[in-house]
Asks: 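Would you mind keeping the following structure in view while I ask a few things?
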Amino acid sequence: MTVTSDPGVNGFSPPTPEDIGTNYDKLGSFHGMIASDVGLHIGMWTLPGERKPASTLLELSNRSQERANDYHYETLGLTSTDHVLDIGCRSGGTAIQLARRSGGRATGIDVSRGQLAEAVASAQSAGISDRVSFQYGNAMALEFEDESFDAAVALEVFPHLSDRQRGYHEAFRVLRPGGHFLVSEFDLRNGKPSDEELNAFLQTWQIMPPTSPAKTLERAANAGFDLVKVEDMSQNVAFSGEGMAYLYADRRDDIVQAYGAEAADHMDHVMPLIRSFFNHHLGSHLYLLRKPRKA
């Protein structure tokens, strides 16, 4: 097996797991202020193919996170005997909701120790810590035995990886034959963004440049996965950019209090670039993959 790192862009070095973990340790609460305090994934503002308008601000964003988790649960078809791995679990919302809906077990891993502490506290508060656990873990080097899980999810996580291909191989390795892997990937739409827009996105989230659906399918196939289905989620990305911009403006005073005036002044410049990038250029696809059963 040969694995290679994804290419970077001029002046940008691929983030290490430590860089990513430090970034979320430092800015996890900030992302919660401007995106959602339920989760840090792209919210499902509308279902695939649905064209209803949506409102804005924090409670709507929270509901979008919960709606997304419901959709992920239904897509995976989890049962009470299943054990699901949440790769990049953040503050635990997805793992907790999947376990609660299925009646089964969930394990979450992340490189942000601060967010893992929040996840443990959330599971305890939800009364579900007997079926949901969290631990530090690197998606490119999972510390689990082969064929440990019935299903896995990685939502807006693989875009962080300096070696996405290794991430797909690791997810395949820890899944049992017949297990499903639900993974989201960012891609570009509507032409090339400006360097300033792209760099604002890369630096704010400690993330790699967006890939393409064709490359994602290639990586999945190289790891051994079969494709079950793929959904275009770009409509939700665009509105998430709007939501973040409105929430940032609405909660700027809180952000100054939490992070200081200098950080807020910096984000005053960055936020319009991120909003434009999300609205005009950032796309997202959700892939349901399956590990073939043994012959």
Asks: Do any N or O atoms from the side chain of Glu170 and from the backbone of Leu142 form a donor-acceptor pair under 3.5 angstrom?
Replies: yes
Asks: Between Pro193 and Leu188, is there a side-chain heavy-atom distance shorter than 4.5 Å?
Replies: yes
Asks: Excluding sequence neighbours, so at least two apart, what forms salt bridge (charged side-chain N to carboxylate O under 4.0 Å, His left out) with Asp19?
Replies: none
Asks: If we ignore hydrogens and angles and just use 3.5 Å, is the side chain of Ser125 paired with the main-chain N or O of Ala121 as donor and acceptor?
Replies: no
Asks: Quick one: CG on Leu247 to CD1 on Ile255, what's the gap to the nearest 0.5 Å?
Replies: 8.5 Å
Asks: With a 4.5 Å cut-off on side-chain heavy-atom distances among I, L, V, M, F, W and Y, is there a chain of contacts connecting Val256 to Met244?
Replies: no
Asks: If you look at every heavy atom in Ala119 and Ile96, which pair is closest and at what distance?
Replies: O-CD1, 4.2 Å
Asks: Near Gln257 CD, under 6.0 Å, is it more than 12 heavy atoms from other residues, nucleotides or ligands?
Replies: no
Asks: Regarding Tyr248 and Asp268, is there a side-chain donor-to-acceptor distance under 3.5 Å anywhere?
Replies: yes
Asks: Hey, what's the ring geometry for Phe181 with Phe158, parallel, tilted or perpendicular (30° and 60° as the breaks)?
Replies: tilted
Asks: Quick one: does any side-chain atom of Ser184 pair with a main-chain N or O of Glu156 as donor and acceptor, under 3.5 Å?
Replies: yes
Asks: Pairing donors with acceptors under 3.5 angstrom, does anything connect the side chains of Ser129 and Gln124?
Replies: no
Asks: What pair of heavy atoms forms the shortest contact from Gly114 to Asp25, and how long is it?
Replies: N-OD1, 2.9 Å
Asks: Say you draw a straight line from CG of Leu155 to CD of Glu185; how long is it, rounded to the nearest 0.5 Å?
Replies: 11.0 Å
Asks: Report yes if the side chains of Arg101 and Glu74 come closer than 4.5 Å at any heavy-atom pair, otherwise no.
Replies: yes
Asks: Which value, rounded to the nearest 0.5 Å, describes the distance between Tyr73 atom OH and Leu182 atom CG?
Replies: 14.0 Å
Asks: Contact between Leu27 and Trp205 at the side-chain level, heavy atoms closer than 4.5 Å - yes or no?
Replies: no
Asks: Determine whether a donor-acceptor pair (N or O, by modelled atom type, separation under 3.5 Å) exists between the side chain of Asp150 and the backbone of His83.
Replies: yes
Asks: Tell me, do Gln97 and Asp70 make a side-chain contact under 4.5 Å, heavy atoms counted?
Replies: yes
Asks: With a 3.5 Å cut-off and sequence neighbours excluded, list the donor-acceptor pairs that the side chains of residues 277-290 form with protein atoms.
Replies:
| unit_1 | atom_1 | unit_2 | atom_2 | d |
| --- | --- | --- | --- | --- |
| Asn279 | ND2 | Glu242 | OE2 | 2.5 |
| Asn279 | ND2 | Arg275 | O | 3.4 |
| His281 | ND1 | Asn190 | O | 3.4 |
| His281 | ND1 | Gly191 | O | 3.2 |
| His285 | ND1 | Asp187 | OD2 | 2.8 |

Asks: Show the nearest heavy-atom pair for residues Leu175 and Lys291, with the distance to one decimal.
Replies: O-NZ, 2.7 Å
Asks: How far apart are the closest heavy atoms of Pro15 and Ile207, and which atoms are they?
Replies: CG-N, 4.4 Å
Asks: Quick one: closest heavy-atom pair of Met33 and Ala258, and the distance?
Replies: CE-CB, 3.6 Å
Asks: Considering only heavy atoms from C-beta outward, does the side chain of Met208 approach that of Pro159 to under 4.5 Å?
Replies: no
Asks: When rounded to the nearest 0.5 angstrom, what is the spacing between OH in Tyr136 and CD in Gln115?
Replies: 13.0 Å
Asks: Establish, for the pair Arg176 and Phe149, whether the NZ or CZ atom is under 6.0 angstrom from the six-membered ring centre and no further than 45 degrees off its axis.
Replies: no
Asks: Within the 3.5 Å criterion, strictly below it, is a donor on Ser234 or Asp232 matched to an acceptor on the partner's side chain?
Replies: yes
Asks: May I have the step-by-step check of side chain to side chain contact (heavy atoms under 4.5 Å, CB included) for Cys89 and Leu116, ending in yes or no?
Replies: CA-CA 8 Å; Cys89 63; Leu116 285 169; 3.8 Å; yes
Asks: Going by heavy atoms in the side chains, are Ser102 and Asp82 under 4.5 Å from each other?
Replies: no
Asks: Any salt bridge between Asp254 and Arg251, counting N to O under 4.0 Å?
Replies: yes
Asks: Determine the minimum heavy-atom distance between Ala223 and Phe172, stating which atoms define it.
Replies: O-CG, 3.3 Å
Asks: Judged by atom type as modelled, is there a donor-acceptor pair below 3.5 Å linking the side chain of Arg164 to the main-chain atoms of Lys215?
Replies: no
Asks: Any chance you could lay out the side-chain hydrogen bond (donor to acceptor under 3.5 Å, both in side chains) test for Tyr259 and His266, step after step, and finish with the verdict?
Replies: CA-CA 11 Å; Tyr259 292 97; His266 171 71; over 6 Å; no
Asks: Just verifying a value: how many Å separate Ser212 OG and Arg189 CZ, rounded to the nearest 0.5 Å?
Replies: 15.5 Å
Asks: Do Glu218 and Tyr168 meet the criterion of a side-chain donor-acceptor pair at a distance under 3.5 Å?
Replies: no
Asks: For the residue pair Asp86 and Ile109, establish whether any side-chain heavy-atom pair is separated by less than 4.5 Å.
Replies: no
Asks: Run through Thr75, Leu76, Asn69, Ile87 and flag the one making a side chain to side chain contact (heavy atoms under 4.5 Å, CB included) with Val153.
Replies: Leu76
Asks: Could you walk me through whether Arg166 and Leu161 pass the side chain to side chain contact (heavy atoms under 4.5 Å, CB included) test, one step at a time?
Replies: CA-CA 9 Å; Arg166 185 174 292 279; Leu161 304 185; over 6 Å; no
Asks: Just checking, any donor-acceptor pair under 3.5 angstrom between side chains of Arg219 and Thr211?
Replies: yes
Asks: Is it the case that the side chain of Thr204 and the backbone of Ala200 share a donor-acceptor pair, with hydrogens and angles ignored and the cut-off at 3.5 Å?
Replies: yes
Asks: Whether Arg113 and Glu118 form a salt bridge (side-chain N of Lys/Arg under 4.0 Å from carboxylate O of Asp/Glu) is what I want to check.
Replies: no
Asks: Does the pair Arg100 and Ile128 meet the rule for a side chain to side chain contact (heavy atoms under 4.5 Å, CB included), with working shown?
Replies: CA-CA 8 Å; Arg100 181 185 285 133; Ile128 202 171; 4.0 Å; yes
Asks: Working to the nearest 0.5 angstrom, can you tell me the gap between Tyr24 OH and His160 NE2?
Replies: 3.0 Å
Asks: So, do Leu273 and Phe201 sit near enough that their side-chain heavy atoms are less than 4.5 Å apart?
Replies: no
